[in-house]
Amino acid sequence: MADPQTVEGLLEGAFDTHIHSAPDVLPRKFNDLELAQRFKARRMAGFVLKSHYICTADRATLVNAIVPEVQAFGAIALNNSVGGLNPLALDIAGRLGAKVCWLPSVDNANELENVAGQRDETKLPYWMGIAREMRALGIAGSFLNVTENGQVVKAARQCMEIMAKHDMVLATSHVRPAEVLPVVKAAQEVGVKRIVVTHPEFPTTLLSIDQQKELARLGAFFERCFTTPNTGKIAWEQVYLNIREVGPASTILATDLGQTTAPYPDEGLGMFIGRLLDNGFSEQEVRVMVRDNPGGVLGARTTATAVAPR
(Lines give C-alpha, C1' and ligand atoms only; values in the text may rest on other atoms or scores of the structure.)
Protein backbone atom coordinates (compact mmCIF):
# COMPACT_ATOMS: atom_id res chain seq x y z
CA MET A 1 0.00 0.00 0.00
CA ALA A 2 1.25 3.46 -0.87
CA ASP A 3 2.47 5.52 2.05
CA PRO A 4 -0.30 8.03 2.98
CA GLN A 5 2.26 10.78 3.56
CA THR A 6 3.69 10.23 0.08
CA VAL A 7 0.21 10.45 -1.43
CA GLU A 8 -0.47 13.62 0.56
CA GLY A 9 2.77 15.12 -0.68
CA LEU A 10 1.83 14.38 -4.28
CA LEU A 11 -1.58 15.98 -3.81
CA GLU A 12 0.16 19.21 -2.86
CA GLY A 13 0.15 21.38 -5.97
CA ALA A 14 -2.10 18.98 -7.87
CA PHE A 15 -4.90 19.96 -10.25
CA ASP A 16 -8.14 18.22 -11.16
CA THR A 17 -9.26 19.19 -14.65
CA HIS A 18 -12.70 17.54 -14.56
CA ILE A 19 -15.06 18.13 -11.61
CA HIS A 20 -18.87 18.36 -11.49
CA SER A 21 -19.82 20.70 -8.66
CA ALA A 22 -22.96 22.48 -7.46
CA PRO A 23 -24.81 24.61 -8.33
CA ASP A 24 -25.89 22.33 -11.14
CA VAL A 25 -29.11 20.96 -12.60
CA LEU A 26 -28.11 17.52 -11.28
CA PRO A 27 -27.66 16.67 -7.58
CA ARG A 28 -24.01 17.10 -6.58
CA LYS A 29 -22.03 16.04 -3.52
CA PHE A 30 -20.53 19.50 -2.86
CA ASN A 31 -20.65 23.08 -4.06
CA ASP A 32 -17.88 25.20 -5.55
CA LEU A 33 -16.83 26.80 -2.26
CA GLU A 34 -16.76 23.50 -0.37
CA LEU A 35 -14.60 22.12 -3.14
CA ALA A 36 -12.21 25.07 -2.97
CA GLN A 37 -11.89 24.78 0.81
CA ARG A 38 -11.09 21.07 0.54
CA PHE A 39 -8.40 21.81 -2.04
CA LYS A 40 -6.99 24.61 0.12
CA ALA A 41 -6.83 22.33 3.17
CA ARG A 42 -4.76 19.78 1.26
CA ARG A 43 -2.63 22.43 -0.48
CA MET A 44 -3.89 21.39 -3.89
CA ALA A 45 -3.47 23.88 -6.71
CA GLY A 46 -6.79 24.08 -8.53
CA PHE A 47 -9.59 22.60 -10.59
CA VAL A 48 -11.81 22.99 -13.63
CA LEU A 49 -15.56 23.28 -13.02
CA LYS A 50 -17.54 21.27 -15.54
CA SER A 51 -21.27 21.41 -16.19
CA HIS A 52 -22.96 19.68 -19.09
CA TYR A 53 -25.54 22.48 -19.25
CA ILE A 54 -24.15 25.88 -18.24
CA CYS A 55 -21.00 27.98 -18.48
CA THR A 56 -19.05 27.99 -15.21
CA ALA A 57 -16.70 30.94 -15.86
CA ASP A 58 -18.59 33.35 -13.62
CA ARG A 59 -18.61 30.81 -10.78
CA ALA A 60 -14.87 30.29 -11.11
CA THR A 61 -14.30 34.05 -10.89
CA LEU A 62 -16.17 34.19 -7.58
CA VAL A 63 -14.35 31.17 -6.19
CA ASN A 64 -11.01 32.78 -7.01
CA ALA A 65 -12.05 35.95 -5.17
CA ILE A 66 -13.23 34.08 -2.07
CA VAL A 67 -10.54 31.39 -1.90
CA PRO A 68 -7.53 32.94 -3.68
CA GLU A 69 -5.18 30.17 -2.53
CA VAL A 70 -6.83 27.83 -5.06
CA GLN A 71 -7.06 28.37 -8.82
CA ALA A 72 -10.55 27.72 -10.18
CA PHE A 73 -11.03 27.56 -13.95
CA GLY A 74 -14.35 28.01 -15.73
CA ALA A 75 -15.51 26.05 -18.74
CA ILE A 76 -18.33 25.49 -21.19
CA ALA A 77 -19.68 22.35 -22.85
CA LEU A 78 -21.24 22.84 -26.29
CA ASN A 79 -24.53 21.05 -25.64
CA ASN A 80 -27.99 22.23 -26.70
CA SER A 81 -28.58 24.21 -23.49
CA VAL A 82 -26.03 26.76 -24.79
CA GLY A 83 -27.10 26.43 -28.42
CA GLY A 84 -24.95 23.42 -29.32
CA LEU A 85 -22.01 24.20 -31.59
CA ASN A 86 -22.64 27.88 -30.97
CA PRO A 87 -19.69 30.26 -31.55
CA LEU A 88 -21.61 33.16 -29.99
CA ALA A 89 -22.12 31.38 -26.65
CA LEU A 90 -18.51 30.26 -26.78
CA ASP A 91 -17.23 33.78 -27.45
CA ILE A 92 -19.22 35.09 -24.48
CA ALA A 93 -17.78 32.31 -22.32
CA GLY A 94 -14.29 33.23 -23.50
CA ARG A 95 -14.86 36.89 -22.65
CA LEU A 96 -15.96 35.76 -19.17
CA GLY A 97 -12.69 33.93 -18.77
CA ALA A 98 -13.65 30.32 -19.51
CA LYS A 99 -10.45 28.33 -19.94
CA VAL A 100 -11.78 25.00 -21.25
CA CYS A 101 -14.31 24.18 -23.96
CA TRP A 102 -15.74 20.69 -24.14
CA LEU A 103 -17.27 19.59 -27.41
CA PRO A 104 -20.81 18.14 -27.04
CA SER A 105 -21.26 15.55 -24.31
CA VAL A 106 -24.85 14.73 -23.26
CA ASP A 107 -26.18 15.81 -26.67
CA ASN A 108 -23.48 14.14 -28.73
CA ALA A 109 -24.81 11.77 -31.38
CA ASN A 110 -22.20 9.29 -30.17
CA GLU A 111 -24.07 9.00 -26.88
CA LEU A 112 -27.38 8.34 -28.66
CA GLU A 113 -25.80 5.51 -30.64
CA ASN A 114 -24.33 3.88 -27.56
CA VAL A 115 -27.28 4.35 -25.18
CA ALA A 116 -29.67 2.92 -27.75
CA GLY A 117 -28.01 -0.48 -27.42
CA GLN A 118 -27.56 -0.37 -23.64
CA ARG A 119 -29.96 -2.67 -21.84
CA ASP A 120 -28.36 -2.51 -18.38
CA GLU A 121 -29.76 0.60 -16.66
CA THR A 122 -26.99 0.51 -14.05
CA LYS A 123 -24.41 1.25 -16.74
CA LEU A 124 -26.12 4.39 -18.03
CA PRO A 125 -24.46 7.75 -17.27
CA TYR A 126 -25.35 9.75 -14.15
CA TRP A 127 -26.94 12.49 -16.26
CA MET A 128 -29.24 10.17 -18.21
CA GLY A 129 -32.26 10.81 -15.96
CA ILE A 130 -32.48 14.53 -16.68
CA ALA A 131 -31.64 13.97 -20.35
CA ARG A 132 -34.65 11.67 -20.63
CA GLU A 133 -36.89 14.23 -18.91
CA MET A 134 -35.88 16.92 -21.40
CA ARG A 135 -36.51 14.62 -24.34
CA ALA A 136 -39.90 13.61 -22.94
CA LEU A 137 -40.80 17.31 -22.79
CA GLY A 138 -39.70 17.77 -26.40
CA ILE A 139 -37.20 20.49 -25.53
CA ALA A 140 -33.88 18.64 -25.68
CA GLY A 141 -33.03 19.49 -29.28
CA SER A 142 -31.26 17.34 -31.85
CA PHE A 143 -28.25 15.16 -31.18
CA LEU A 144 -25.07 16.81 -32.40
CA ASN A 145 -22.41 15.63 -34.83
CA VAL A 146 -18.99 17.25 -34.84
CA THR A 147 -17.97 15.62 -38.13
CA GLU A 148 -19.63 14.50 -41.32
CA ASN A 149 -17.93 12.08 -43.73
CA GLY A 150 -14.73 12.38 -41.73
CA GLN A 151 -14.60 16.18 -41.93
CA VAL A 152 -15.21 18.64 -39.11
CA VAL A 153 -18.50 20.48 -39.70
CA LYS A 154 -18.50 24.24 -40.31
CA ALA A 155 -20.05 25.13 -36.94
CA ALA A 156 -17.45 23.08 -35.07
CA ARG A 157 -14.63 24.74 -37.00
CA GLN A 158 -16.08 28.18 -36.20
CA CYS A 159 -16.10 27.22 -32.52
CA MET A 160 -12.48 26.11 -32.78
CA GLU A 161 -11.59 29.52 -34.20
CA ILE A 162 -13.18 31.14 -31.15
CA MET A 163 -11.21 28.80 -28.86
CA ALA A 164 -8.03 29.91 -30.59
CA LYS A 165 -9.03 33.56 -30.25
CA HIS A 166 -9.41 33.22 -26.47
CA ASP A 167 -6.52 30.76 -26.06
CA MET A 168 -8.86 28.14 -24.66
CA VAL A 169 -8.21 24.44 -24.16
CA LEU A 170 -10.22 22.18 -26.46
CA ALA A 171 -11.47 19.03 -24.74
CA THR A 172 -12.77 16.33 -27.07
CA SER A 173 -15.57 15.38 -24.66
CA HIS A 174 -17.86 12.58 -25.91
CA VAL A 175 -17.06 12.56 -29.63
CA ARG A 176 -16.73 9.21 -31.38
CA PRO A 177 -13.26 7.63 -31.26
CA ALA A 178 -12.99 7.93 -35.06
CA GLU A 179 -13.68 11.68 -34.81
CA VAL A 180 -10.88 12.52 -32.40
CA LEU A 181 -8.07 12.63 -34.96
CA PRO A 182 -9.87 14.91 -37.46
CA VAL A 183 -10.97 17.13 -34.55
CA VAL A 184 -7.40 17.48 -33.28
CA LYS A 185 -6.03 18.21 -36.75
CA ALA A 186 -8.74 20.79 -37.51
CA ALA A 187 -8.23 22.51 -34.16
CA GLN A 188 -4.51 22.80 -34.76
CA GLU A 189 -5.10 24.15 -38.27
CA VAL A 190 -7.07 27.11 -36.86
CA GLY A 191 -4.60 27.81 -34.08
CA VAL A 192 -5.83 25.96 -30.98
CA LYS A 193 -2.66 25.39 -28.96
CA ARG A 194 -3.78 22.97 -26.25
CA ILE A 195 -5.94 19.90 -26.76
CA VAL A 196 -7.06 17.37 -24.19
CA VAL A 197 -8.57 14.01 -25.15
CA THR A 198 -11.33 13.41 -22.62
CA HIS A 199 -11.47 10.08 -20.73
CA PRO A 200 -9.99 7.85 -23.46
CA GLU A 201 -10.88 4.76 -21.41
CA PHE A 202 -14.61 5.61 -21.15
CA PRO A 203 -16.79 3.07 -23.06
CA THR A 204 -18.25 5.56 -25.55
CA THR A 205 -14.90 7.30 -26.17
CA LEU A 206 -12.56 4.31 -25.89
CA LEU A 207 -9.36 4.73 -27.89
CA SER A 208 -6.88 2.03 -28.86
CA ILE A 209 -3.21 2.30 -27.93
CA ASP A 210 -2.34 2.99 -31.57
CA GLN A 211 -4.90 5.80 -31.76
CA GLN A 212 -3.54 7.32 -28.56
CA LYS A 213 0.07 7.13 -29.74
CA GLU A 214 -0.82 8.91 -32.98
CA LEU A 215 -2.61 11.66 -31.06
CA ALA A 216 0.28 11.97 -28.61
CA ARG A 217 2.62 12.57 -31.55
CA LEU A 218 0.41 15.51 -32.48
CA GLY A 219 0.83 16.96 -28.99
CA ALA A 220 -2.53 16.00 -27.48
CA PHE A 221 -2.89 15.17 -23.79
CA PHE A 222 -5.03 12.36 -22.38
CA GLU A 223 -7.29 13.10 -19.42
CA ARG A 224 -7.59 9.72 -17.67
CA CYS A 225 -10.45 9.88 -15.19
CA PHE A 226 -10.71 8.09 -11.85
CA THR A 227 -14.43 7.36 -12.19
CA THR A 228 -13.99 5.23 -15.32
CA PRO A 229 -12.14 2.32 -13.67
CA ASN A 230 -13.56 3.03 -10.21
CA THR A 231 -17.09 2.30 -11.47
CA GLY A 232 -16.00 -0.80 -13.38
CA LYS A 233 -16.30 0.65 -16.87
CA ILE A 234 -12.75 -0.52 -17.57
CA ALA A 235 -10.20 -2.55 -15.64
CA TRP A 236 -7.61 -0.63 -13.62
CA GLU A 237 -4.94 -2.77 -15.25
CA GLN A 238 -5.89 -1.38 -18.67
CA VAL A 239 -5.46 2.17 -17.39
CA TYR A 240 -2.00 1.35 -16.06
CA LEU A 241 -1.09 -0.27 -19.38
CA ASN A 242 -2.32 2.71 -21.40
CA ILE A 243 -0.26 5.14 -19.34
CA ARG A 244 2.84 2.98 -19.69
CA GLU A 245 2.37 2.52 -23.44
CA VAL A 246 1.51 6.13 -24.28
CA GLY A 247 3.57 7.72 -21.50
CA PRO A 248 3.12 9.89 -18.41
CA ALA A 249 4.41 12.86 -20.44
CA SER A 250 1.08 13.05 -22.28
CA THR A 251 -1.19 12.00 -19.39
CA ILE A 252 -3.33 14.13 -17.08
CA LEU A 253 -4.94 12.48 -14.07
CA ALA A 254 -8.44 13.77 -13.27
CA THR A 255 -11.46 12.46 -11.38
CA ASP A 256 -14.76 13.33 -13.17
CA LEU A 257 -16.28 13.29 -9.66
CA GLY A 258 -19.25 15.11 -8.17
CA GLN A 259 -21.80 12.27 -8.03
CA THR A 260 -23.58 12.21 -4.67
CA THR A 261 -22.54 8.65 -3.79
CA ALA A 262 -18.90 8.97 -4.92
CA PRO A 263 -15.78 10.15 -3.07
CA TYR A 264 -14.80 13.81 -2.97
CA PRO A 265 -12.38 14.78 -5.76
CA ASP A 266 -9.42 15.20 -3.42
CA GLU A 267 -10.12 11.72 -2.05
CA GLY A 268 -10.55 10.23 -5.51
CA LEU A 269 -7.36 11.79 -6.84
CA GLY A 270 -5.52 10.53 -3.77
CA MET A 271 -6.83 7.02 -4.43
CA PHE A 272 -5.74 7.30 -8.07
CA ILE A 273 -2.25 8.37 -7.00
CA GLY A 274 -2.02 5.52 -4.49
CA ARG A 275 -2.99 2.94 -7.09
CA LEU A 276 -0.38 4.18 -9.53
CA LEU A 277 2.35 4.10 -6.87
CA ASP A 278 1.31 0.58 -5.91
CA ASN A 279 1.60 -0.48 -9.55
CA GLY A 280 5.10 0.66 -10.29
CA PHE A 281 4.81 4.33 -11.24
CA SER A 282 7.40 6.64 -9.69
CA GLU A 283 6.62 9.71 -7.60
CA GLN A 284 8.10 11.88 -10.33
CA GLU A 285 5.88 10.31 -12.99
CA VAL A 286 2.81 10.86 -10.84
CA ARG A 287 3.82 14.45 -10.11
CA VAL A 288 4.07 15.14 -13.84
CA MET A 289 0.55 13.74 -14.37
CA VAL A 290 -1.18 15.54 -11.50
CA ARG A 291 0.73 18.83 -11.37
CA ASP A 292 3.01 19.68 -14.29
CA ASN A 293 0.89 18.55 -17.24
CA PRO A 294 -2.49 19.92 -16.10
CA GLY A 295 -0.90 23.11 -14.78
CA GLY A 296 0.85 23.70 -18.08
CA VAL A 297 -2.24 22.97 -20.15
CA LEU A 298 -4.32 25.37 -18.06
CA GLY A 299 -1.66 28.08 -18.04
CA ALA A 300 -1.79 28.04 -14.26
CA ARG A 301 0.48 30.22 -12.16
CA THR A 302 3.77 28.91 -10.76
CA THR A 303 3.65 25.50 -12.44
CA ALA A 304 5.94 23.74 -14.85
CA THR A 305 4.98 23.88 -18.51
CA ALA A 306 3.65 20.65 -19.93
CA VAL A 307 5.10 19.45 -23.20
CA ALA A 308 3.62 16.36 -24.80
CA PRO A 309 5.93 14.10 -26.78
CA ARG A 310 6.00 14.57 -30.53
Subject >> Which atom of Pro263 lies closest to which atom of Gly268, heavy atoms considered >> reply: CB-N, 4.2 Å
Subject >> Euclidean distance, His18 NE2 relative to Thr255 OG1, rounded to 0.5 Å >> reply: 8.0 Å
Subject >> Least distance between heavy atoms, Val197 atom then Pro200 atom >> reply: O-CD, 3.8 Å
Show me the side-chain donor-acceptor pairs of residues 42-51 shorter than 3.5 Å, one per line, residues at least two apart or across chains.
{"residue": "Arg42", "atom": "NE", "partner": "Glu8", "partner atom": "OE2", "Å": "3.0"}
{"residue": "Arg42", "atom": "NH1", "partner": "Asp266", "partner atom": "OD2", "Å": "2.9"}
{"residue": "Arg42", "atom": "NH2", "partner": "Glu8", "partner atom": "OE1", "Å": "2.8"}
{"residue": "Arg43", "atom": "NE", "partner": "Glu12", "partner atom": "OE2", "Å": "3.2"}
{"residue": "Ser51", "atom": "OG", "partner": "Asp24", "partner atom": "OD1", "Å": "3.3"}
{"residue": "Ser51", "atom": "OG", "partner": "Tyr53", "partner atom": "N", "Å": "3.0"}
{"residue": "Ser51", "atom": "OG", "partner": "Ile54", "partner atom": "N", "Å": "3.2"}

Original post:
Are Glu34 and Lys29 close enough for a salt bridge, meaning some N to O gap below 4.0 Å?
Top reply: no
**OP:** Start with the C-alpha distance between Asn108 and Ser173, add both sets of side-chain angles, then the distance that settles side-chain hydrogen bond (donor to acceptor under 3.5 Å, both in side chains), and finish with yes or no.
**Re:** CA-CA 9 Å; Asn108 200 302; Ser173 194; 5.8 Å; no
**OP:** Taking the side chain as every heavy atom from C-beta outward, state whether Arg275 and Val239 have any atom pair closer than 4.5 Å.
**Re:** no
Original post:
Can Arg135 be said to sit on top of Phe143's aromatic six-ring, NZ or CZ under 6.0 Å from centre and within 45° of the ring axis?
Top reply: yes
Original post:
In terms of the angle between their ring planes, are Trp236 and Phe272 parallel, tilted or perpendicular, with boundaries placed at 30° and 60°?
Top reply: perpendicular
Original post:
When rounded to the nearest 0.5 angstrom, what distance separates CD in Gln211 from CG in Leu206?
Top reply: 8.0 Å
Original post:
How close do Val288 and Pro248 get, heavy atom to heavy atom, and via which atoms?
Top reply: CG1-O, 3.9 Å
Original post:
Quick one: are His20 and Leu257 in side-chain contact, heavy atoms under 4.5 Å?
Top reply: no
**OP:** Might you work through the side-chain hydrogen bond (donor to acceptor under 3.5 Å, both in side chains) test for Asn242 and Glu201, ending with a clear yes or no?
**Re:** CA-CA 9 Å; Asn242 289 358; Glu201 285 85 24; 2.9 Å; yes
Original post:
Which of these passes side-chain contact (heavy atoms from CB on, under 4.5 Å) with Val175: Thr204, Thr198, Val180?
Top reply: Val180
Original post:
Should the heavy atoms of other residues, nucleotides or ligands under 6.0 Å from CD of Gln284 be counted, would the total exceed 12?
Top reply: yes
**OP:** Could you grab the distance from atom CD of Glu111 to atom CZ of Arg176, nearest 0.5 Å is fine?
**Re:** 10.5 Å
**OP:** Go through Leu26 and Arg28 one step at a time and tell me if the side-chain contact (heavy atoms from CB on, under 4.5 Å) criterion holds.
**Re:** CA-CA 6 Å; Leu26 293 164; Arg28 295 299 180 190; 3.4 Å; yes
Subject >> Face-on cation placement of Arg291 at Phe15 ring, 6.0 Å and 45° thresholds >> reply: no
Result block: side-chain N/O donor-acceptor pairs under 3.5 angstrom for residues 93-103, not counting sequence neighbours:
{"residue": "Arg95", "atom": "NE", "partner": "Asp91", "partner atom": "OD2", "Å": "2.7"}
{"residue": "Arg95", "atom": "NH2", "partner": "Asp91", "partner atom": "OD2", "Å": "3.2"}

**OP:** Given side-chain hydrogen bond (donor to acceptor under 3.5 Å, both in side chains), test Thr17 with Glu223 step by step and report yes or no.
**Re:** CA-CA 8 Å; Thr17 56; Glu223 183 188 72; 2.7 Å; yes
**OP:** Go through Cys159 and Ile162 one step at a time and tell me if the side-chain contact (heavy atoms from CB on, under 4.5 Å) criterion holds.
**Re:** CA-CA 5 Å; Cys159 288; Ile162 299 297; 5.6 Å; no
**OP:** Please report the shortest heavy-atom distance between Val169 and Val297, naming the atom on each side.
**Re:** CG2-O, 3.4 Å
**OP:** First locate atom CG of Asn145, then atom CG of Asp107, and finally report the distance between them rounded to the nearest 0.5 Å.
**Re:** 11.5 Å
**OP:** Given salt bridge (charged side-chain N to carboxylate O under 4.0 Å, His left out), test Arg224 with Asp256 step by step and report yes or no.
**Re:** CA-CA 9 Å; Arg224 308 188 192 277; Asp256 198 2; over 6 Å; no
Original post:
Which pair of non-hydrogen atoms, one from Met1 and one from Asp278, has the smallest distance, and what is that distance?
Top reply: C-OD1, 3.3 Å
Original post:
Which of parallel (below 30°), tilted (30 to 60°) and perpendicular (above 60°) describes His199 and His174?
Top reply: perpendicular
